[in-house]
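Side chains included, hydrogens not; waters and symmetry mates left out as well; all remaining heavy atoms used.
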Number of protein chains: 2
Amino acid sequence: MTAPIRVVLAEDQAMVLGALSALLELEPDISVIFNAANGREALSAVGRLTPDVLVTDIEMPLMTGLELAANLRTSHPAVRTIILTTFARSGYLRRALDAGARGYLLKDRPAAELAESVRRVHRGLRVIDPALAAEAWNAELDPLTERERQILQRAGDGRSSTEIATELHLSEGTVRNYLSEAIAKLGASNRIDAARIARTKGWL
Amino acid sequence: MTAPIRVVLAEDQAMVLGALSALLELEPDISVIFNAANGREALSAVGRLTPDVLVTDIEMPLMTGLELAANLRTSHPAVRTIILTTFARSGYLRRALDAGARGYLLKDRPAAELAESVRRVHRGLRVIDPALAAEAWNAELDPLTERERQILQRAGDGRSSTEIATELHLSEGTVRNYLSEAIAKLGASNRIDAARIARTKGWL
DNA sequence: AATCGGATGTGACAGTTGTCATGCAGAGGT
DNA sequence: ACCTCTGCATGACAACTGTCACATCCGATT
């Protein structure tokens, strides 16, 4: 028998981390050598242990999974990264691939796919959630400008045009113009709807 | 040796569900007899299998964990329910306890606490996340009426007063009145802000 | 040099939202 | 019966929001 695949796991919810670890440890050909609670911890573990595969969540404190992937791409190119996340957002997938990730897996896929994905990625293959890959193929690009994004974020948090204008040193009319533009671009019916849509696409 | 504790698990993210199941199955005195993907499935599984303990997430499609707990309290009072969730919201905890839950556990607690909590609850004890319990002690009560909650939910999704009025068979003025009330009660500056505040407290 | 897109601004207008006073009907408590 | 609370409603007014037409400035592309 060949040596097991050595895996580092990164996930900020301790119980989910422990559970995923238990799940992978059930596989005789896979060995979880470190459980990291955030991206920073994972980065240092990878440096010390040089695993074969890294499985990481995206939204974590200190360092996100996407930042981690981007970092490892240059510092440890031999380590193959799988992003494991709740979010089926084409914007995230795009960023993950740009960061050199070899896999993008959703937490609502069956548990068996995790080990299988680790094996595939270890063999040098790519594993992209099929539904999301299809969607990303013809997904619109982010139509928002940087200003529109800034303003939409704040509007989505319940700030008024006046407050946003003050905060960003703009006139109130300008803020309303940007929001109107964003609403039109996203086909939304008001600022809140627009913020919601942008969030689900991973553009905020 | 006594018979193992029979557990039904409910969690909508399949991979997390499988992983938690694997984690509990590692314990010799615990046996996971059903994995449910939502509250409705869990409800029927409990009816068929009458487990000792139910471990359930809150936010799930078709039926939330809180609704499930409330339902089981009367239909199957012998089944002890543990809520396992990401959200440290005192409003959720309060609703969970009102719904007859015996445990409220956060997903960012160590993995070992899950099995331990199952055992304690099975022995008839309560298990409440200590930090959250302390916070809930002096947390404000939910000031919203049922109508206000319904309307605030929809407003927070970007629906206009008119749309909400049509959907709920109310007049537009009434919808605005309820929103105005909710905004005042929550000390918010507009409907969006109000929805945001209510959500972070677990009142939506 | 000419053009274009992005960032910024103004002014005007219509539509939506937030507030308040006030009213009415039904459910419960005294 | 009487009172009070809650849910629902209306109307009026002020404030906020969304849209549009138009204008200026700047940097990048052609």
Please determine if a side-chain N or O atom of [X] lies less than 4.0 Å away from the OP1 or OP2 oxygen of [N].
X       : N       : value
T145(A) : dA7(C)  : yes
S180(B) : dT19(C) : yes
T174(A) : dG9(C)  : yes
R176(A) : dT19(D) : no
R147(A) : dT8(C)  : yes

By nearest-heavy-atom nucleotide on DNA chain C, the more 5' of S171(A) and K185(A) is K185(A)
Side-chain donor or acceptor of N177(B) under 3.5 Å from a matching atom on the base of dT10(D)?
yes
Between the side chains of S161(A) and R191(A), does any donor sit under 3.5 Å from an acceptor?
yes
Under 3.5 Å, is there a donor on one side chain and an acceptor on the other for T56(A) and E11(A)?
no
Round to the nearest Å and state the distance from [X] atom [atom1] to [N] atom [atom2].
X       : N       : atom1 : atom2 : result
E163(B) : dG15(C) : CD    : P     : 16 Å
E172(B) : dG11(D) : CD    : P     : 12 Å
L179(A) : dG9(C)  : CG    : C1'   : 16 Å
E146(B) : dT6(D)  : CD    : P     : 15 Å

Tell me whether R6(B) forms a cation-pi arrangement with F34(B), defined as NZ or CZ under 6.0 Å from the six-membered ring centre and within 45 degrees of its axis.
no
Closest approach to the side chain of [X], judged atom by atom: which nucleotide of [options] is it?
X       : options                   : answer
N190(B) : dT19(D), dG18(C), dT19(C) : dG18(C)
Y178(B) : dT17(D), dC8(D), dT10(C)  : dC8(D)
S161(A) : dT8(C), dG7(D), dT17(D)   : dT17(D)

SB check D193(B) R159(A) (cutoff 4.0 Å):
no
